[in-house]
Amino acid sequence: MSAPRTPTSALGPGMAGREVTLLGWAHEIRDLGGLLFLVVRDREGTAQVTLVKAKAPPDLFASARAIPRESVLRVTGTVKAEAKAPRGVEVLPTRIEVVSPAMSPLPMDPTEKVPAELDTRLNNRFMDLRRPAAQALFRLKSEVADAIRSTLRSRGFIEIQTPKILAAATEGGASLFPISYFDREAFLAQSPQLYKQMMMAAGLDRVYEIGPIFRAEEHDTHKHLNEVTSIDIEASHMDHNDVMALLEEVVVAAYRRVAESPLLPPVGVQVKVPETPFRRIPYDEAIRLAGDIRWGDDLDTRAEKAIGEKVGHLYFITDWPTDIKPYYVMPHPDNPRLSRAFDLMHPKMELSSGAQRIHDPQLLTQRIKSKGLAPESFEFYLKAFRYGMPPHAGWGLGLERLVMTMLGVENIREVVLFPRDRQRLVP
RNA sequence: GCCCGGGUAGUAUAGCGGCCUAGUAUCUUGGCCUGUCGAGCCAGGGACUCGGGUUCAAAUCCCGACUCGGGCGCCA
């Protein structure tokens with residue numbers, strides 16, 4: 001393990017004469033009889049290892065011929081500048097060690113000569129991710145998360161971790177997964193909502209969390225999963241407009257990072273950084289654009305698509321009817337039927353929703369009751385509002401939806417390593 | 001959960017009552033081949049999701065189960 005290692009990306013004609021050690025997989029073996037090409041693949045790319053029968057040691061040539069595809073190899077050899085080789089270099093090996101052989105047949109073909117279906121790929125995810133195009137999605141997802149973290153930290157946000165095991169529902173709405181918690185029943189968190197709000201009472205002022213959320217809905221679509229990653233923020237002394245501006249900043253930072261990334265070419269898409277400010281469309285106008293939505297109803301898939309086609313880029317829907325949003329959203333003081341809640345929409349789907357929150361405990365209790373929920377079960381939460389709760393606002397942004405829409409990926413499963421849906425629990 | 005359409009070698013597909021001893025590509029095994037980069041050529045290997053039914057005859061038609069995909073619902 002201590003031997004110096006040369007990533008394939010480091011090879012170039014300028015390295016001619018140097019001895020290198022490549023660690024990677026046997027991507028392809030092309031045997032031309034008197035000449036054999038072994039393509040070694042690592043995370044950064046591929047390199048050609050060339051054996052000439054007349055010149056190489058006979059046992060080395062024979063053993064190279066027999067290497068099963070996708071075996072892990074350690075290849076030591078000399079770099080040679082060669083115009084006929086890919087990227088102008090090849091490695092003439094002195095030693096080829098099969099560190100870990102691959103069985104045959106392979107469950108799928110990482111070289112994509114015969115592309116596998118998504119289902120097959122997910123069943124063999126470890127091998128699917130050997131494909132540069134698949135791996136790039138996750139490396140870009142990492143870039144997106146990092147860009148968002150950097151932006152939030154630069155704005156004074158503190159990263160927190162809230163519990164994922166809860167005693168009861170936090171929001172109502174989406175259904176929860178019950179779990180066994182010693183001798184009691186508990187639930188997996190559908191959102192960090194209540195806890196991030198409590199951190200406003202705690203004086204952390206600005207917090208964010210990037211973590212899993214669990215929804216027990218029996219949905220079965222290209223944009224829903226039962227476990228996804230939520231980017232949640234909450235900020236004291238901000239209103240809905242402040243956090244919408246922050247959301248724009250965060251989303252643009254993510255787009256910019258991806259658009260400039262060298263990891264983008266393997267995905268094969270163009271990414272255009274959206275212009276700010278995003279269009280604000282009040283709910284009343286949105287339902288007119290959608291055509292057939294009654295006032296007070298949520299937007300269905302058809303409505304989202306219809307509006308998305310007309311707008312064509314990222315946009316906000318603002319001023320939602322208070323009754324179709326969660327109990328914690330702040331009603332407009334002058335017109336309480338409408339709220340300071342907003343959704344961030346991509347033309348293809350919703351990405352984020354947020355709001356200024358209610359910080360008055362009386363009003364909050366009343367709203368909980370009017371949703372048919374019992375304030376007693378929210379006592380731990382309401383208590384935080386009675387001893388000095390700053391006004392605050394926040395949002396939750398779906399990481400996978402942001403990444404999939406940005407990269408033009410049609411199925412959310414593509415951007416989750418091991419997706420959890422109605423059917424899939426393994427691997 | 002509802003509607004529609006599928007399940008054929010490891011992978012991806014053709015065939016849609018008898019011409020199927022199930023075709024093709026890739027893969028794999030063996031052979032030939034000194035510049036491949038989707039290497040090429042020759043020979044071999046490997047499959048009809050499961051359970052019922054219809055029929056002289058089922059990969060093919062019908063029913064059910066499981067499962068995949070598309071649309072919708074629920075939801076973020």
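In what follows, every chain begins at residue 1, and chains take the letters A, B, ... in the order their sequences are listed.
One P atom belongs to B:A25, the other to B:A39, and the distance between them is 15 Å to the nearest Å. One C1' atom belongs to B:A47, the other to B:A14, and the distance between them is 13 Å to the nearest Å. Straight-line distance between the P atoms of B:U26 and B:G40: roughly 7 Å, to the nearest whole Å. Comparing the same atom, P, in B:A58 and in B:C72 gives a spacing of 41 Å after rounding to whole Å. For B:A9 and B:G45, the C1' atoms lie 10 Å apart once the distance is rounded to whole Å. When the C1' atom is compared between B:C3 and B:C74, the two are found 16 Å apart, to the nearest whole Å. Between B:C48 and B:A22, the distance separating the two P atoms is 11 Å to the nearest Å. One C1' atom belongs to B:C16, the other to B:G7, and the distance between them is 14 Å to the nearest Å.
The partner of B:C16 cannot be assigned: no Watson-Crick or G-U wobble pair with both contacts below 3.5 Å exists in any strand. In this structure B:C61 sits in a base pair with B:G53, meeting the Watson-Crick or G-U test at under 3.5 Å. Under the Watson-Crick and G-U wobble criteria, each requiring two contacts below 3.5 Å, nucleotide B:C48 is left unpaired. Across all strands shown, B:U11 forms a Watson-Crick or G-U wobble pair, both distances under 3.5 Å, with B:A25. Nucleotide B:C32 has B:G40 as its partner under the Watson-Crick or G-U criteria, with both atom distances under 3.5 Å. Pair check for B:C74 finds none; no Watson-Crick or G-U wobble contact set falls under 3.5 Å.
Here A:S230 lies out of heavy-atom contact (under 4.0 Å) with every strand. As judged by a 4.0 angstrom heavy-atom cut-off over every strand, A:K55 is placed among residues making no nucleic acid contact. Looking at heavy-atom distances under 4.0 Å, A:D31 makes contact with a base. Among the atoms of the strands shown, base atoms are found under 4.0 Å from some heavy atom of A:E218. Within the 4.0 angstrom heavy-atom criterion, no nucleotide atom of any strand lies near A:I231. Within the nucleic acid shown, A:E28 comes within 4.0 Å of sugar-phosphate atoms alone, with no base atom in reach, counting heavy atoms only. Using a 4.0 Å heavy-atom criterion, one finds that A:R302 contacts no nucleic acid atom at all. Using a 4.0 Å heavy-atom cutoff across all strands shown, A:D220 reaches at least one base atom of the nucleic acid.
To the nearest angstrom, C1' of B:G69 lies 12 Å from CG of A:D421. Atom-to-atom, CD of A:E117 to C1' of B:U11 comes out at 10 Å; the value is rounded to the nearest Å. A:Q423 has its CD atom 20 Å from the P atom of B:U49, to the nearest Å. Atom pair A:H219:NE2 and B:G70:P shows a separation of 16 Å (rounding to whole Å applied). Put simply, CZ on A:R65 is 9 Å from C1' on B:G31, counting in whole angstrom units. Atom P of nucleotide B:U34 and atom CZ of A:F61 are separated by 9 Å, given to the nearest angstrom. Atom-to-atom, CG of A:N226 to P of B:C74 comes out at 16 Å; the value is rounded to the nearest Å. The NZ atom of A:K223 sits 11 Å away from the P atom of B:C74 (whole-angstrom rounding).
A side-chain donor-acceptor contact under 3.5 Å links A:Q135 to the backbone of A:L129. Using a distance-only test at 3.5 Å, with no hydrogens or angles considered, a donor-acceptor pair links the side chain of A:S71 to the main chain of A:A102. A donor-acceptor contact shorter than 3.5 Å links the side chain of A:K310 to the backbone of A:L289. Proximity of a side-chain donor or acceptor of A:Y283 to a complementary backbone N or O of A:F342 within less than 3.5 Å is not detected.
One finds a side-chain N or O of A:R30 lying less than 4.0 angstrom from the OP1 or OP2 phosphate oxygen of B:A39. Between B:A76 and A:S191, no contact under 4.0 Å exists linking OP1 or OP2 to a side-chain N or O. The side chain of A:K53 places no N or O atom within less than 4.0 Å of a non-bridging phosphate oxygen (OP1 or OP2) of B:G35.
Positionally, the nearest nucleotide of RNA chain B for A:L106 lies more toward the 5' end than for the other of A:D109 and A:L106. Nearer to the 5' terminus of RNA chain B, by closest-nucleotide assignment, is the contact made by A:V52 (compared with the other of A:V52 and A:D119).
Of the candidates B:U11, B:U36, B:A39, B:A39 carries the atom nearest the A:K113 side chain, counting heavy atoms from C-beta on. Residue A:V114 places its side chain closer to B:U11 than to any other of B:G71, B:A76, B:U11. Residue A:R422 places its side chain closer to B:G1 than to any other of B:U11, B:G1, B:G31. Closest contact between the side chain of A:H224 and the listed nucleotides B:C74, B:A39, B:G10 involves B:C74. Among the nucleotides B:U36, B:A76, B:G71, the one closest to the side chain of A:P86 is B:U36. Proximity note for A:K84 (side chain, C-beta onward) versus B:C72, B:G35, B:U11: the nearest is B:G35. The side chain of A:T120 approaches B:U11 more closely than any other nucleotide in the set B:U11, B:C33, B:G10. Considering only the side chain of A:V228, B:A76 comes nearest among B:A76, B:U67, B:C27. Which of B:G1, B:U28, B:G35 sits closest to the side chain of A:E90 comes down to B:G35. Here the side chain of A:T50 is nearest to one of B:C75, B:G35, B:G71, namely B:G35.
Counting heavy atoms of neighbouring residues, nucleotides and ligands inside a 6.0 Å radius, atom NZ of A:K53 does not exceed 12 of them.
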side-chain hydrogen bond (donor to acceptor under 3.5 Å, both in side chains) between A:E44 and A:S9: does it pass, once the steps are laid out?
-> CA-CA 6 Å; A:E44 308 307 324; A:S9 55; 4.7 Å; no

Start with the C-alpha distance between A:E209 and A:T162, add both sets of side-chain angles, then the distance that settles side-chain hydrogen bond (donor to acceptor under 3.5 Å, both in side chains), and finish with yes or no.
-> CA-CA 8 Å; A:E209 177 168 15; A:T162 63; 2.6 Å; yes

What do the steps show when you test A:N123 against A:R424 for side-chain hydrogen bond (donor to acceptor under 3.5 Å, both in side chains), and what is the final call?
-> CA-CA 9 Å; A:N123 285 335; A:R424 184 177 288 278; 2.8 Å; yes

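On a pure distance criterion of 3.5 Å, a polar donor-acceptor pair joins the side chain of A:Q48 and the base of B:U36.
Side-chain contact of A:E400 with A:T229: a donor-acceptor pair under 3.5 Å is present, judged by distance alone.
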